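Working notes, beginning with the structure itself.
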Amino acid sequence: MSPPAATFGEPSSPTNAAQLKAGFDVKPVTINVNKSKTLDELAYKWEEGFKFAPIRESQVSRAMTRRYFQDLDTYAESDIVIVGAGSCGLSAAYMLGKARPDLKIAIIEASVSPGGGAWLGGQLFSAMVMRKPADAFLTDLGVAFEDEGDFVVVKHAALFTSTLLSKVLSFPNIKLFNATAVEDLITRTSPDGTLRIAGVVTNWTLVTMHHDDQSCMDPNTINAPVVISTTGHDGPFGAFSVKRLVSMQQLDKLGGMRGLDMNTAEDAIVKRTREIVPGLIVGGMELSEVDGANRMGPTFGAMALSGVKAAEEALEIFAE
Ligand code: 48N
């Protein structure tokens with residue numbers, strides 16, 4: 001049975017071209033593909049023959065799936081996996097993207113929308129405060145701020161996060177897999193019993209959230225010699241890797257995040273960002289859970305600079 005004839009208006013597609021050649025009764029469809037226009041050429045001329053270039057739904061599906069599954073294949077072996085695309089994880093990615101364009105970096109973010117807690121400053125207020133010297137990170141990133149002496153203020157936290165996100169996503173060697181959760185760690189144990197983290201175990205976040213009511217939804221994996229975990233302080237998804245280290249008896253217990261003390265918290269988080277176990281670097285507020293550091297509340301300089309430090313720790317491993 002010959003394939004259904006393409007009715008007029010159906011755009012030609014590779015299938016049609018092949019069918020045409022093979023003599024199927026597919027009406028030749030010629031389309032006047034608009035050359036790209038400038039916005040000025042388009043504006044206010046909606047009635048003068050405005051028309052989107054034709055498309056076939058399968059072309060959209062193939063454009064998305066081909067690329068996604070190619071990315072899964074490419075990043076199945078990554079050099080670095082960053083778990084959590086909050087302000088710390090994205091800052092680490094930004095530093096690594098700049099320093100090592102040769103490294104393959106996968107960012108795994110459980111939420112559909114990356115950015116973690118950095119879309120607002122505090123109590124849903126817009127402005128974001130960063131204490132100096134974190135203004136150096138904003139300057140490097142190209143984010144404007146108001147200088148208030150010992151601290152600076154970005155007019156909207158979303159300006160910082162969207163700028164950082166756009167810079168990170170523009171690196172050709174970095175791939176963000178959002179709506180994807182890390183639900184375990186890949187481990188290797190050397191003959192002397194030393195455990196090394198060797199990658200992550202992933203699943204769609206919506207799947208991860210339903211393991212209690214759907215059985216046997218096995219995960220996927222990404223191998224990587226270095227994992228940077230920045231999953232935030234304890235919450236539904238937070239402090240993931242350090243809690244997993246406890247459950248696999250690599251840590252006795254978590255120190256638990258202490259009360260709010262800005263002056264203590266930010267220095268501690270940045271200074272202690274480090275490789276907790278071979279192959280696993282922890283930064284940002286996840287670290288407060290393992291070390292029992294204070295929380296800093298609505299100031300974000302430590303998140304950016306903890307990301308800078310986490311990147312340095314990773315670069316040292318690759319420099320060896
Ligand atoms: O923004 P967060 O939660 O974490 P950080 O450490 O980047 O920034 C913390 C910062 O926003 C604060 O908490 C501020 C400074 N307040 C401090 C205070 O005292 O209150 O981002 C963590 C990201 C989120 O986007 C999560 O969705 C994601 O990590 N995530 C995961 N992604 C993948 N797999 C997981 N298992 C996972 N767990 C969390």
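Since we're looking at a predicted model, the values are computed, not measured.
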Chi angles and distances behind the side-chain hydrogen bond (donor to acceptor under 3.5 Å, both in side chains) call for T194, D192: CA-CA 6 Å; T194 307; D192 66 0; 2.7 Å; yes
Within 6.0 angstrom of M262 CE, more than 12 heavy atoms from elsewhere: yes
Nearest heavy-atom neighbours spanning L287 and T273: CD2-N, 3.4 Å
M296/M303 under side-chain contact (heavy atoms from CB on, under 4.5 Å): CA gap, chis, key distance, verdict: CA-CA 10 Å; M296 70 291 289; M303 296 303 102; 3.6 Å; yes
S87 side chain vs A118 backbone, donor-acceptor pair below 3.5 Å: no
R295 side chain near S288 side chain, heavy-atom distance below 4.5 Å: no
Verify same cluster id: I186, V242 (apolar side-chain graph, 4.5 Å): no
Side-chain heavy atoms of E148 within contact of V152, under 4.5 Å: no
NZ or CZ of K175 within 45° of F177 ring axis and under 6.0 Å: yes
Note, F137 side chain near L164 side chain (heavy atom, < 4.5 Å): yes
Nearest-0.5 Å distance, CE of residue M209 to CD of residue E183: 12.5 Å
Least distance between heavy atoms, A265 atom then N294 atom: CB-O, 3.1 Å
Validation row: R272, R274 side chains within 4.5 angstrom (heavy atoms): yes
Cationic N near anionic O, under 4.0 Å, D147 to K132: yes
Whether E266 side chain and A302 backbone form a donor-acceptor pair below 3.5 Å: yes
Shortest non-hydrogen separation from G86 to E109 and the atoms involved: N-OE1, 4.4 Å
Between OG on residue S91 and CG on residue L141, distance to nearest 0.5 Å: 8.0 Å
Worked verdict on L280 versus E275 for side-chain contact (heavy atoms from CB on, under 4.5 Å): CA-CA 5 Å; L280 180 70; E275 190 176 19; 5.7 Å; no
pair I105-D79: side-chain heavy atoms closer than 4.5 Å: no
Nearest-0.5 Å distance, CD1 of residue I108 to OG1 of residue T180: 6.5 Å
Heavy-atom side-chain proximity of V83 to V81 below 4.5 angstrom: yes
Side-chain touch D184/P219, heavy atoms, less than 4.5 angstrom: no
Candidate pair E313 and I317, rule side-chain contact (heavy atoms from CB on, under 4.5 Å), full reasoning: CA-CA 7 Å; E313 294 276 313; I317 296 169; 5.7 Å; no
Centroid-centroid distance, F145 to F160, less than 6.0 Å: no
Minimum heavy-atom distance V168-Y94, with the two atoms named: CG2-N, 3.7 Å
Over all atoms of both residues, closest heavy-atom pair of A85 and I107: CB-CG2, 3.8 Å
Joint hydrophobic cluster, V246 plus V201, side-chain heavy atoms closer than 4.5 Å: no
Given D150, T299, N263, the one that forms side-chain hydrogen bond (donor to acceptor under 3.5 Å, both in side chains) with R131: N263
Validation row: L96, I228 side chains within 4.5 angstrom (heavy atoms): yes
Side-chain donor or acceptor of K45 paired with backbone N/O of D40 under 3.5 Å: yes
Within 6.0 angstrom of K155 NZ, more than 12 heavy atoms from elsewhere: no
Criterion side-chain hydrogen bond (donor to acceptor under 3.5 Å, both in side chains) on Q70 and T74, from CA distance to verdict: CA-CA 6 Å; Q70 179 55 58; T74 303; 3.1 Å; yes
Atom pair CD1/CE of I197 and M248 - distance to nearest 0.5 Å: 5.0 Å
Whether E289 side chain and D234 backbone form a donor-acceptor pair below 3.5 Å: yes
Least distance between heavy atoms, L90 atom then L165 atom: CD2-CD1, 3.8 Å
N-O pairing of R258 and D291 below 4.0 Å: no
Cluster check W119, V153: I/L/V/M/F/W/Y, side chain < 4.5 angstrom: no
K271 atom NZ, neighbour heavy-atom count above 12 within 6.0 Å: no
Step-by-step side-chain contact (heavy atoms from CB on, under 4.5 Å) determination, S111 to N178: CA-CA 6 Å; S111 172; N178 46 330; over 6 Å; no
Rounded distance (nearest 0.5 Å) linking atom CG of L176 with atom CZ of F171: 14.0 Å
Transitive ILVMFWY side-chain link M217 to W204, under 4.5 Å: yes
Shared hydrophobic cluster, L120 / L159 (ILVMFWY, side-chain heavy atoms < 4.5 Å): no
T231 OG1 to I82 CD1 distance, which is reported to the nearest 0.5 Å: 13.0 Å
Residue pair R244, S241: steps toward the side-chain hydrogen bond (donor to acceptor under 3.5 Å, both in side chains) verdict: CA-CA 5 Å; R244 186 66 181 106; S241 299; over 6 Å; no
